[in-house]
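Read through the structure below, which is laid out as structure tokens, and then see the notes.
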Amino acid sequence: MFSAKRLDLSRIIKIGRKVPPKHIPKPSNGIFDAKVLSRHHADIWCEGGKVWIRDVGSSNGTYVNEVRLCEENVRGEPFLLQDGDEIVFGIDIEDEMIDATAELEQLKSKLDSLDALASMRPLLETNSASGVGALSLPVSNQSLALESALETQRRALSDALTAVSNDARTARQELEVERRNLEEEKRRSEALSDKVTELESEIRRLADMARITAEVAEEKEKLKEEEVAGLRAELESRISQAAAAERLVIESNSITLETETRAKEAAQRALDADATASSLSARLEQSERNFRTVQTQMDELKGHLNEADLKANAAEKELEELKK
């Protein structure tokens with residue numbers, strides 16, 4: 001017995017035999033664990049509010065109300081189903097052989113009975129020859145009529161026996177073909193199962209390779225991030241150095257301005273000293289000494305200034321390189 005199925009006929013439902021691992025019976029499909037079905041036995045679908053069925057070349061046929069839709073291994077035409085139609089997929093060859101065997105036994109039994117009746121003919125003829133009197137002619141006539149009837153029935157039963165034997169032989173041949181087909185399907189199924197196992201192994205291997213590749217890529221990404229972080233830190237350090245150099249240049253400029261201001265003040269003082277040279281000779285000498293001292297300081301400051309300019313130029317070049 002099969003469990004009830006509820007099929008969605010808005011799409012074509014394939015009716016067929018269970019063939020692991022791909023075709024497995026489910027409540028929502030048309031796959032059955034039945035030997036009388038072909039792998040792809042028939043299609044059933046709904047179109048335009050009507051239900052259609054088609055045999056796609058099965059071995060044991062598709063029957064609607066006990067009428068086969070097409071010949072064996074021939075793809076049939078779509079057949080419109082009506083409310084109340086009885087659909088049968090395939091015929092159980094083993095049950096058919098059992099019925100044929102039983103019918104053959106019945107025919108043999110009838111044939112034996114006829115043989116027994118035929119064996120009574122000599123007895124009837126003996127009674128006729130011994131002078132039964134007025135009954136001899138009717139008995140003879142009855143014997144001929146019985147013999148004719150027996151012969152007719154014998155021939156009919158012989159023909160029926162021959163037909164049943166042929167049907168049984170054909171059924172056995174079909175059963176053998178089906179058995180061979182099942183064995184071939186089993187071998188194919190086992191080969192397919194082995195292939196599926198190999199594919200599953202290959203999928204696992206590819207998954208492992210993908211995982212390793214992802215781990216390597218992740219490691220490379222981490223190294224790249226660390227490298228970028230190092231470069232960023234180095235850039236920030238160089239920017240800090242450039243800022244310090246810029247501050248040094250500003251300080252150097254400030255010192256230069258201050259030195260120039262002091263030089264101007266010293267010159268003014270010298271002029272003032274010249275104007276009062278007559279009265280301030282002693283102070284002039286002191287001023288000259290002071291001037292020379294200032295001059296020396298100015299020279300030193302100029303040396304510092306030149307050195308600061310060189311550093312500023314170097315800092316500017318380095319800043320330009322960093323900006324690039």
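FYI, the numbering just counts along the sequence from 1.
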Q | Within residues 255-267 or reaching into it, pairs that qualify as salt bridge (charged side-chain N to carboxylate O under 4.0 Å, His left out) - sequence neighbours excluded | A | Glu258-Arg262
Q: Mind checking side chain to side chain donor-acceptor pair (under 3.5 Å) for Asp8 and listing every partner two or more places apart, or none if nothing turns up?
A: Ser10
(Q) To the closest 0.5 Å, what do you measure between CD1 (Ile255) and CD1 (Ile250)? (A) 12.5 Å
Q: Linking directly or through intermediates, with side-chain heavy atoms under 4.5 Å: list the remaining ILVMFWY members grouped with Met209, chain and number order.
A: Leu206
Q.
Measuring only between side-chain heavy atoms, which start at C-beta, is Asn73 closer than 4.5 Å to Ser59?
A. yes
Q: Without swapping roles, check the side chain of Lys18 against the backbone of Ala34 for a donor-acceptor pair under 3.5 Å.
A: no
Q.
If hydrophobic clusters are built from ILVMFWY residues whose side chains come within less than 4.5 Å, do Ile15 and Leu9 share one?
A. yes
Show which side-chain atoms of residues 43-58 pair as donor or acceptor with protein atoms under 3.5 Å away, not counting sequence neighbours.
| from | atom 1 | to | atom 2 | distance (Å) |
| --- | --- | --- | --- | --- |
| Asp43 | OD1 | His40 | NE2 | 2.7 |
| Trp45 | NE1 | Glu47 | OE1 | 3.3 |
| Asp55 | OD1 | Gly57 | N | 2.8 |
| Asp55 | OD1 | Ser58 | N | 2.9 |
| Asp55 | OD1 | Ser58 | OG | 3.2 |
| Asp55 | OD2 | Ser58 | OG | 2.7 |
| Asp55 | OD2 | Thr62 | N | 3.1 |
| Asp55 | OD2 | Thr62 | OG1 | 2.6 |
| Ser58 | OG | His41 | NE2 | 3.3 |
| Ser58 | OG | Gly61 | N | 3.1 |

Q: Mind checking the CD1-OH spacing from Ile87 to Tyr63? Nearest 0.5 Å is all I need.
A: 14.5 Å
Q: Could you list all the salt bridge (charged side-chain N to carboxylate O under 4.0 Å, His left out) pairs where at least one residue sits in residues 71-90, not counting sequence neighbours?
A: none
Q.
Applying salt bridge (charged side-chain N to carboxylate O under 4.0 Å, His left out), can you list everything that pairs with Arg247, at least two apart in sequence or on another chain?
A. none
Q) What are the two closest heavy atoms between Phe89 and Ala42, and how far apart are they? A) CE2-CB, 3.9 Å
Q.
With a 4.5 Å cut-off on side-chain heavy atoms, are Ile24 and Ile31 touching?
A. no
Q.
For Arg6, give me all partners under salt bridge (charged side-chain N to carboxylate O under 4.0 Å, His left out), at least two apart in sequence or on another chain.
A. none
Q) Who passes side chain to side chain donor-acceptor pair (under 3.5 Å) against Glu215, sequence neighbours left out? A) Arg211
Q) What residues, two or more places apart in sequence or in another chain, satisfy salt bridge (charged side-chain N to carboxylate O under 4.0 Å, His left out) together with Arg11? A) none
Q. Just how far is it from atom CD of Glu202 to atom NZ of Lys195, taken to the nearest 0.5 Å?
A. 9.5 Å
Atom pairs and distances, side-chain donor-acceptor, residues 294-316, under 3.5 Å, sequence neighbours left out:
| from | atom 1 | to | atom 2 | distance (Å) |
| --- | --- | --- | --- | --- |
| Thr296 | OG1 | Arg292 | O | 2.8 |
| Asn306 | ND2 | Lys302 | O | 3.2 |
| Asn313 | ND2 | Asp309 | O | 3.2 |

Q: Enter the distance from Lys35:NZ to Asn60:CG here, rounded to the nearest 0.5 Å.
A: 12.5 Å
Q: Hey, could you give me each pair passing side chain to side chain donor-acceptor pair (under 3.5 Å) that has a residue in residues 216-240? Not counting sequence neighbours.
A: Glu234-Arg238
Q | Residue list, side chain to side chain donor-acceptor pair (under 3.5 Å) with Arg68, at least two apart or on another chain | A | none
Q: Answer yes or no: does atom CD of Glu66 have more than 12 heavy-atom neighbours from other residues, nucleotides or ligands under 6.0 Å?
A: no
